[in-house]
Amino acid sequence: MNAYLFDPPPLAALPVRGHTQRFPVHRIFCVGRNYHAHAAEMGRTVDKSVDTPFYFTKSPSTLVESGATVAYPPGTENYHHEMELVVALGRPGFRVTEGDAHELIFGYASGLDMTRRDLQLLARDKGRPWDLGKDFEESAVCSEIVPMPGRVLERAAISLQVNGQTRQHSNIDKLIWGVREIIADLSRFYRLQAGDLIYTGTPEGVAAVLSGDRLSGRIEGVADVALSIGKPL
Ligand code: MN
């Protein structure tokens, strides 16, 4: 007899370059406003001397593998791309120092934090949670994970093209809070686990996409990520 009333959801997982085994995803953390030029285009500024990083989460069930076609989501007229470096953790850690943060790193991926911008900004301006804008079906797009155990990425070009036109182009060295700082800070609030993904934030150039658009992102030395936008549901 089945232990469950109905089929439990499938485990979210991603392919790993050079491995037949997949990476089981535990949680998806996302960093808000982690490039100055993107914070500015959102009408906010970040002062690292007084501000601390902030986070939101996406459910593992929102994960979509690179190459997919996703439906244009409901409830929005301003569906945006955010191209991001994704850190994949392979070991647990709690209250980790910046100096030890690399020990948690399994590898990296190229991700798209797809966003219902109109709903996110409405929530932001009313002081409400961001879930409607950020945590919805097929909103966390991710490439294969590229194993780089213990390595801290500090510099790499990051770019996104839509229908062959460059929309976002920057470098990981412009992250306000870098990979070490993010892992250490997040581990003050969560008992980080193997399988956790961290979307590190997007550079400037976020913009709306429409049905029929084809997105193609790249982080130099990491991976490519592709997404097609399908018809509305
Ligand atoms: Mn983002």
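Order of appearance sets the numbers: ligands from 1, and atoms from 1 within every ligand.
Side-chain atoms of Lys58 come within 3.5 Å of backbone atoms of Ser139 as a donor-acceptor pair (strictly under, hydrogens ignored). No donor-acceptor pair closer than 3.5 Å links the side chain of Asn78 to the backbone N or O of Arg117.
Checked against the 6.0 Å centroid criterion, the rings of Tyr55 and Trp130 do not qualify as a close aromatic pair.
Residues Glu65 and Arg22 are paired through a salt bridge, judged by an N-O separation under 4.0 Å between the basic side chain and the carboxylate. Classification of Arg167 and Glu82 as a salt-bridged pair fails, no side-chain N sitting under 4.0 Å from a carboxylate O.
Under 2.8 Å from the Mn ion (ligand 1), one finds the following protein N/O/S atoms: Glu82 OE1, Glu84 OE2, Asp113 OD2.
The CD atom of Glu84 lies 8.0 Å from the OH atom of Tyr199; values are rounded to the nearest 0.5 Å.
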